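First comes the structure, then the notes that go with it.
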Amino acid sequence: MVHGLMKTSTKLLNICIDSLCKSRNLQKAESLLIDGIRLGVLPNVITYNSLINGYSRFVGIDEAYAVTHRMREAGIKPDVSTYNSLISGAAKQLLLTRAHQLFDEMLRSGLSPDMRSYNTLMSLYFKLGRHGDAFRILNEDVHLAGLSPRVDTYNILLDALCKSGHIDNAVELFKYIKSRVKPELMTYNILINGLCRSRRVSSANWMLRELERAGYTPNAVTYTTMLKMYFKTKMIEKGLKLFLKMKKEGYTFDGYASCAVVSALIKTGRAEEAYQCMHELVRSGRRSGDIVSYNTLLNLYFKDGNLDAVDDLLEEIERKGLKPDDYTHTIIVNGLLSIGHTGGAEKHLACLGEMGMQPSVVTCNCLIDGLCKAGHVDRAMRLFSSMEIRDEFTYTSVVHNLCKDGRLVCASKLLLLFYNKGMKIPSSARRAVLSGLRMTVSYQAARKTHHKFKAAIKSNAIADP
DNA sequence: CTAGGGTTAG
């Protein structure tokens, strides 16, 4: 009798602790655990697994691993679930070696990894761009372990194919797996997202119909994905119409769709409607209060020139203990540049460095472009030289701005260098250099440079595929 | 374990 009651209590304790952990309230979960022990309700492996999962997701792998010592002291041995949580914690921080260490430790403890353990490892390899290693796990390790992939494994595979630009292979794989497993709503969402990212509007709509034919109802994820595709393909009104439909039909819409709508409205100069949308979101009480929605709002205030609101919002972010991310810093740098405060923007970048953070490529790109446009080409070029990672935005921006500044020789030399590196630069950059050369140097010089560019692009096209 | 939102060039 007493034993039965205790079992019920532990179950209740576990439900409470798990829900606290899932909502990031790890402190409260810890004190509940202590209260439980005081009252004689003993934790079991499930209790500790919830904690480990929470620390893995929201704090860090070391903090999560520390809990395993506490559970061992309590006489409870970690199980496969424990290790799965730990491995996903390592995977979240892209710590491949750590993930493998934990995997080996699990094997040494006599535990057999399950499909989820392999899924986590595969997904990590995909995230690191090591597709070959991911497929090796699937084709060798999973087989050796006597396991077979289910729909969740295929979801990971499909998503990886979509995100690495192999959407056609993803669709092919989808057709193949349909004969083996029943696709989930998530499976359809992954494919729709892949099609939307490559702007295949009609294929995305076809996949949406397939989703419905399979008996599913589109959810907030499906609609947000479609919404973004409309904005990306400049079909703003169509996107807004879909947003209205989501609201009207009472779909489980949340802050995700609103952020996408607000940013599209800002980009098309409709600040008034953007404010309205943001206010609606706050009123609905669905604002999740995460850094993404703050970034969206911050961008809106900057673009609207509402600097007092910017100050207040930055203060609020700090007060709430939210960590500004790369997007936040980019928005701030861009905002400072837009009000002509180039020194402030440079200072912000320097501050990041002092705090031991690397500014992102995007942040640097914005500063380079802003400095150039404000006439400080030399300062921009100094930043350009110091960058370790550059992308096509960096190059395009630098070439265009050098041309505008009349430094055509420099621009053409750099462009040639980028072509030789195999970078994909929009043809507008080449046209800017050539027309500049024609106007300020000579038709002859432009023609010679044109040939050089063509040769570089051609030799790269052969070396690349 | 796996799906959707926010920043930059032309």
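Chain naming here is simple, since letters A, B, ... match the order of the sequence lines and numbering starts at 1 in each. Not measured: the values here are computed from a predicted model.
- For the pair Lys92(A) (side chain) and Ser56(A) (backbone), a donor-acceptor distance under 3.5 Å is absent.
- Candidate nucleotides dC1(B), dT7(B), dA3(B) were compared by shortest atom distance to the side chain of Asn53(A), and dC1(B) ranks first.
- The listed nucleotides are dC1(B), dA9(B), dA3(B); the one nearest the side chain of Asn119(A) is dC1(B).
- Atom CZ of Phe302(A) is separated from atom P of dT7(B) by 14 Å (rounded to the nearest Å).
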Checklist entry - Taking it one step at a time, do Ser202(A) and Asn205(A) satisfy side chain to side chain donor-acceptor pair (under 3.5 Å)? => result CA-CA 5 Å; Ser202(A) 55; Asn205(A) 275 306; over 6 Å; no
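- When rounded to the nearest whole Å, the span between OH of Tyr223(A) and C1' of dA3(B) equals 16 Å.
- In this structure, Ser117(A) OG and Leu107(A) CG are separated by 9.0 Å, a value rounded to the nearest 0.5 Å.
- Looking only at distances, no side-chain donor or acceptor of Asp405(A) sits under 3.5 Å from a matching main-chain atom of Asn401(A).
- Near DNA chain B, defined here as any heavy-atom distance below 4.0 Å, the residues from residues 147-168 of chain A are Asp152(A), Asn155(A), Ile156(A), Asp159(A), Lys163(A), listed numerically.
- The Val362(A) side chain lies nearest to dT8(B) when the options are dA3(B), dT8(B), dG10(B).
- For Tyr118(A), the ring pair (Phe, Tyr, Trp, His ring centres under 6.0 Å) criterion is met by Phe103(A), not counting sequence neighbours.
- With dT7(B), dC1(B), dA3(B) as the candidates, the nucleotide lying closest to the side chain of Asn189(A) is dA3(B).
- Look at Lys127(A) and you'll find a side-chain N or O under 4.0 angstrom from OP1 or OP2 of dT2(B).
- Remark: Lys228(A) is not in phosphate contact with dG4(B), judged by side-chain N or O atoms under 4.0 Å from OP1 or OP2.
- Atom-to-atom, CG of Leu121(A) to C1' of dT2(B) comes out at 14 Å; the value is rounded to the nearest Å.
- At dC1(B), none of the side-chain N or O atoms of Lys92(A) fall inside 4.0 Å of OP1 or OP2 (strictly under the cut-off).
- Evaluation of the ring pair (Phe, Tyr, Trp, His ring centres under 6.0 Å) rule for Phe174(A) yields Tyr188(A) as partners, not counting sequence neighbours.
- In this structure, Leu337(A) atom CG and dT8(B) atom P are separated by 12 Å, rounded to whole Å.
- In this structure, of dG5(B), dA3(B), dT8(B), it is dA3(B) that holds the atom nearest to the side chain of Asn219(A).
- Using a 4.0 Å cut-off on heavy atoms, the residues of residues 396-413 of chain A that approach DNA chain B are Thr396(A), His400(A), listed by number.
- When the side-chain contact (heavy atoms from CB on, under 4.5 Å) test is applied to Lys241(A), no partner is found at least two apart in sequence or on another chain.
- In this structure, Arg390(A) satisfies the cation-pi test against Phe384(A), with its NZ or CZ atom closer than 6.0 Å to the six-membered ring centre and inside 45 degrees of the ring normal.
- Nearest to the side chain of Asp290(A), among dT7(B), dG5(B), dT2(B), sits dG5(B).
- Rounded to whole angstrom, the span from the CG atom of Leu297(A) across to the P atom of dT7(B) amounts to 13 Å.
- For dG4(B), neither phosphate oxygen OP1 nor OP2 lies less than 4.0 angstrom from any side-chain nitrogen or oxygen of Lys232(A).
- Between Tyr419(A) and Phe453(A), the angle of the ring planes goes over 60°, which puts this pair in the perpendicular group of the 30/60° scheme.
- Taking atom OH on Tyr256(A) and atom P on dA3(B), their separation rounds to 10 Å, with Å as the unit.
- In this structure, Leu211(A) atom CG and dG4(B) atom C1' are separated by 13 Å, rounded to whole Å.
- Between the CG atom of Leu414(A) and the C1' atom of dG10(B) there is a distance of 17 Å, rounded to whole Å.
- Residue pairs that meet the ring-ring contact (aromatic ring centres under 6.0 Å, His included) test with at least one member in residues 305-341 of chain A, sequence neighbours left out, are His329(A)-His348(A).
- Residue contacts shown for Thr330(A) include a base, since a base heavy atom lies under 4.0 Å away.
- Listed nucleotides: dG4(B), dT2(B), dT7(B). Nearest to the side chain of Ala220(A): dG4(B).
- Between Phe126(A) and His131(A), the distance from one ring center to the other falls under 6.0 angstrom.
- Between Ser263(A) and dT7(B), a side-chain N or O to OP1/OP2 separation shorter than 4.0 Å is present.
- Asn193(A) comes within 4.0 angstrom of sugar-phosphate atoms only, judged by non-hydrogen atoms across all strands, and of no base.
- The side chain of Thr225(A) approaches dG4(B) more closely than any other nucleotide in the set dT8(B), dG5(B), dG4(B).
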